[in-house]
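Remarks on the structure that follows.
In what follows, residues are counted from 1 in the order of the sequence shown.
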Amino acid sequence: CTMCLATYTSPLVSVFLLKYIKNFIRETWLKRYSSSPSEDMITLMWSFVVSIYSIGGLLGSLSAGYLSVRFGRKKAMLFANIPALLSATLMGLSRLCGSFEMIIAGRLFSGSFVTAGLALNIHLMYAGECAPRKLRGLIAITASTATAVGKFVGFALGLREVLGVDALWPVLMAVNALPALFQLLTLPFFPDSPRYLFIDKKDKEGCIKAVKQLWGDGDHMAEIDDMMAEQEAIRGEKAKTICDLFRDKSVRWQLITLFLLASCMQLIGVNVVRVLLFSPSSTSNISRSVKTINFCGNMKCELQKQPAKFLNFLFSPTFFSAGVLCPLPTEIFIQSYRPAAYVFNGATNWIQLFILGLLFPFIVEGLGSFSFIIFLTYCLSMAIFVFLVMPETKGKTMLQVMEEFNRLNYRGKKRQTALQQSNCSVMTVTRL
C-alpha cells in the first residue's frame, strides 16, 4: 500500500501546479538567458514535465521482470525506494536551485521509472505471492485501493487551502518521499515472497519461515504442497522472458486474456475523462469527485468472482476495473512466466496510454460525444469474452487454473497429453 501511495501522491498533483510551474519556467529562463521565452517554448517544457511520466513508466515496466527475478521481490521493492527519495529531493529543491530540469528528472524517477513502472508491478507480484489461496484476491486489491487513496490524497494536498499555492508547490511535488521513506524503514522486517523462496531459490526452510511470519502459526501444508506441485510442473525451468511468453503455446490463451482484459484499463474511457478534467479549463471539483468515486468503487469490489469480472466490463469500469485486473497475472500464470507477464502487462498499459492520448483528440473532433461508443463497444465485447471464455480462478491452485487454460491452448491429442502431464505432476507431489 505504501508503494502505491508513493506512486500516485506526487505525480498527479502537478495538474494543480500548471500555472505555478509555467511561471517558474518563465522566470528561470529569463534569469539564465536574459530574454523572455515564447509561449510555445513554455508549453514545450511543460509537455516534457507531463509526458516524461509515460516514458519512464514504460522503461520501469520493462525492467520489473529482470529485477524481480535477479534480486527477489522484496529487494527490488527496497531498491525502488532509493531513487524515489532522490526524485523527491530533485523536485523539492528545483525552485531553490533554479532548475526546471530537476522537475523533469524527478518526474522520470518518481512518477514513472521508479514507482508507477517498476515498483507497482513488483508490488502486485509480491502481494499475490505472499497471500494464501483463499485471500489472494483480497490481498491483491490493496494495490487498487491504495492507488485510489494516493490519487485522492494527491488531489486533496493540491487544494489552495493546503499546499496548492505558489510558495508551497515544491513541497507538494516532494510529498511522495513520505510513503517511500516509510516503506524503506519497515519493509526490511517483512520476509520475501514464499513462492519465490521455494520455487525460484529452492529454499524450503526460508519458505516455511516466511509462511509462519506472514500467516501465523497453523497448518499450512496445503499451501506448501501447492508450491511443490507448481515446482514439479516447472521442472527447474528458469524464469521466462517476453520472447518465451510469445513463443510458448502453453500460455497462448493466458497471454490473449491478459492483453484483452488489461487493455480495458485504457479502453474503458476513464483515462480519457481524466485528461479532459485535467485541462486548464475544467474545474477541480469534478476531478476530485471522480477520484472519490474511484476509491469507493474499489472498496466495494469483490474480487475473483466471475460475476464481478463480468460486471466490471459491462457496467462501471471506474468502480471495478483496476480492482479486478490487478491480480490477474498472478492468477493465470505459473511462477516461471509471472515476471514476464507483469512486464507485458505494464508495457501494454503505458503504450496504450500514449497511443490513446495521441489519437483521442482527433477522434473527438470527428465523432464528438459519440466517441465514447468505441469504449462502450469494447467493454461489451470484453464482458461477453469473460463470461464465455475465461475460466474461474477463485479458490483454485495455479496448476488447476493452468489445466483450465490448457483446454484452450491445446486441441485433440496434444491437449490430452498436456493435461495428463499436469495431472501426473500433481499426483506425484501428493504421493510424496
Requested in this report: With the side chain counted from C-beta on, respond yes when Pro188 and Leu78 share a heavy-atom pair under 4.5 Å apart, and no when they do not.
Outcome: yes
Report task. Verify whether the ring centers belonging to Phe375 and Tyr378 lie closer than 6.0 Å. Result -> no
Query raised in the report: Should Phe333 and Val401 be marked as a side chain to side chain contact (heavy atoms under 4.5 Å, CB included) after you check the CA-CA gap, both sets of side-chain angles, and the distance that decides it?
Result: CA-CA 8 Å; Phe333 286 94; Val401 175; over 6 Å; no
**Report entry** Intermediate values then yes/no, salt bridge (charged side-chain N to carboxylate O under 4.0 Å, His left out), Asp226 and Arg195
**Finding:** CA-CA 10 Å; Asp226 229 9; Arg195 285 185 173 274; 3.8 Å; yes
Query raised in the report: Do you see a donor-acceptor pair shorter than 3.5 Å between the side chains of Asp40 and Thr43?
Result: no
**Report entry** Side-chain heavy-atom pair Ser250, Tyr410 within 4.5 angstrom cut-off
**Finding:** yes
Requested in this report: Compute the centroid of each ring, for Phe344 and then for Phe246, and state whether the two points are separated by less than 6.0 Å.
Outcome: yes
Query raised in the report: Would you say Ser63's side chain and Gly60's backbone share a donor-acceptor pair under 3.5 angstrom?
Result: yes
Query raised in the report: Going from CZ on Phe109 to CG on Leu59, what distance comes out if it is rounded to the nearest 0.5 angstrom?
Result: 10.5 Å
Query raised in the report: Heavy-atom count around Arg70 CZ within 6.0 Å, excluding the residue itself: above 12?
Result: no
Query raised in the report: What pair of heavy atoms forms the shortest contact from Asn176 to Ala88, and how long is it?
Result: OD1-CB, 3.7 Å
Requested in this report: Identify the heavy atoms of Ile122 and Ser68 that sit nearest to each other, and give their distance.
Outcome: CG1-CB, 4.3 Å
Query raised in the report: Roughly how far, to the nearest 0.5 Å, is the NZ atom of Lys75 from the CG atom of Leu67?
Result: 13.0 Å
Query raised in the report: Got Ile332 and Phe405 here, is their nearest side-chain heavy-atom distance under 4.5 Å?
Result: yes
Query - Chi angles and distances behind the salt bridge (charged side-chain N to carboxylate O under 4.0 Å, His left out) call for Glu205, Lys212 - result: CA-CA 11 Å; Glu205 293 182 0; Lys212 289 183 178 180; over 6 Å; no
Query - N/O donor-acceptor pair under 3.5 Å between Trp253 side chain and Asn409 backbone - result: no
**Report entry** Main-chain N/O of Phe189 paired to Gln213 side chain as donor or acceptor, under 3.5 Å
**Finding:** yes
Query raised in the report: Strictly by modelled atom types, are Thr330 and Glu129 linked by a side-chain donor-acceptor pair under 3.5 Å?
Result: no
Query raised in the report: Quick one: are Lys201 and Asp192 in side-chain contact, heavy atoms under 4.5 Å?
Result: no
Requested in this report: Run the numbers on Val251 and Leu255 for side chain to side chain contact (heavy atoms under 4.5 Å, CB included), then give the verdict.
Outcome: CA-CA 6 Å; Val251 292; Leu255 185 63; 5.5 Å; no
Report summary line: When rounded to the nearest 0.5 Å, the distance separating OH of Tyr196 from CD of Gln335 is 9.5 Å
Requested in this report: Hey, could you give me the CG/CZ distance between Leu168 and Arg160, rounded to the nearest 0.5 Å?
Outcome: 14.0 Å
Report summary line: On a heavy-atom basis, the closest approach of Leu85 and Ala177 is CD2-O, 3.6 Å
Report task. Please round to the nearest 0.5 Å and tell me the distance separating atom CE of Met77 and atom CE of Met125. Result -> 10.5 Å
**Report entry** Pairwise side-chain contact, Leu118 with Phe79, heavy-atom cut-off 4.5 Å (strictly under)
**Finding:** yes
Requested in this report: With sequence neighbours left out, write down each residue that passes ring-ring contact (aromatic ring centres under 6.0 Å, His included) with Phe385, or none if nothing qualifies.
Outcome: none
Query raised in the report: Would you say the side chain of Cys379 lies within less than 4.5 Å of the side chain of Cys264, judging by non-hydrogen atoms?
Result: no
Query - For Tyr33, all residues meeting ring-ring contact (aromatic ring centres under 6.0 Å, His included), sequence neighbours excluded - result: Trp29
Query raised in the report: For Lys396, does the NZ atom sit with more than 12 other heavy atoms under 6.0 Å from it, leaving out its own atoms?
Result: yes
Query raised in the report: Is there a side chain to side chain contact (heavy atoms under 4.5 Å, CB included) between Arg95 and Trp169 once you walk through the steps?
Result: CA-CA 9 Å; Arg95 188 173 188 176; Trp169 67 260; 3.2 Å; yes
Query raised in the report: Under 3.5 Å, is there a donor-acceptor pair between the side chain of Asn349 and the main chain of Asn345?
Result: no
Query raised in the report: Given Arg32 and Glu101, is the salt bridge (charged side-chain N to carboxylate O under 4.0 Å, His left out) satisfied, shown in steps?
Result: CA-CA 13 Å; Arg32 286 185 187 175; Glu101 293 87 355; 2.8 Å; yes
Query raised in the report: What do the steps show when you test Glu39 against Arg26 for side chain to side chain contact (heavy atoms under 4.5 Å, CB included), and what is the final call?
Result: CA-CA 9 Å; Glu39 286 299 322; Arg26 185 180 293 105; 3.2 Å; yes
Requested in this report: Give the minimum heavy-atom separation between Ala64 and Val343, together with the two atoms involved.
Outcome: C-CG2, 4.3 Å
Query raised in the report: Taking the side chain from Trp215 and the backbone from Cys130, do they hold a donor-acceptor pair closer than 3.5 Å?
Result: yes
Report summary line: In this structure, CD of Gln231 is separated from CE of Met227 (nearest 0.5 Å) by 10.5 Å
Requested in this report: Locate the shortest heavy-atom distance separating Met45 from Phe100; write the atom from each residue and the value.
Outcome: SD-CE1, 3.4 Å
Report task. Would you indicate whether the side-chain heavy atoms of Asn81 and Leu181 approach each other to under 4.5 Å? Result -> no
Query - Smallest separation among heavy atoms of Leu214 and Pro191, with atom names - result: CG-CG, 3.7 Å
Report task. Compare all side-chain heavy atoms of Thr241 with those of Tyr66 and state whether any distance is below 4.5 angstrom. Result -> no
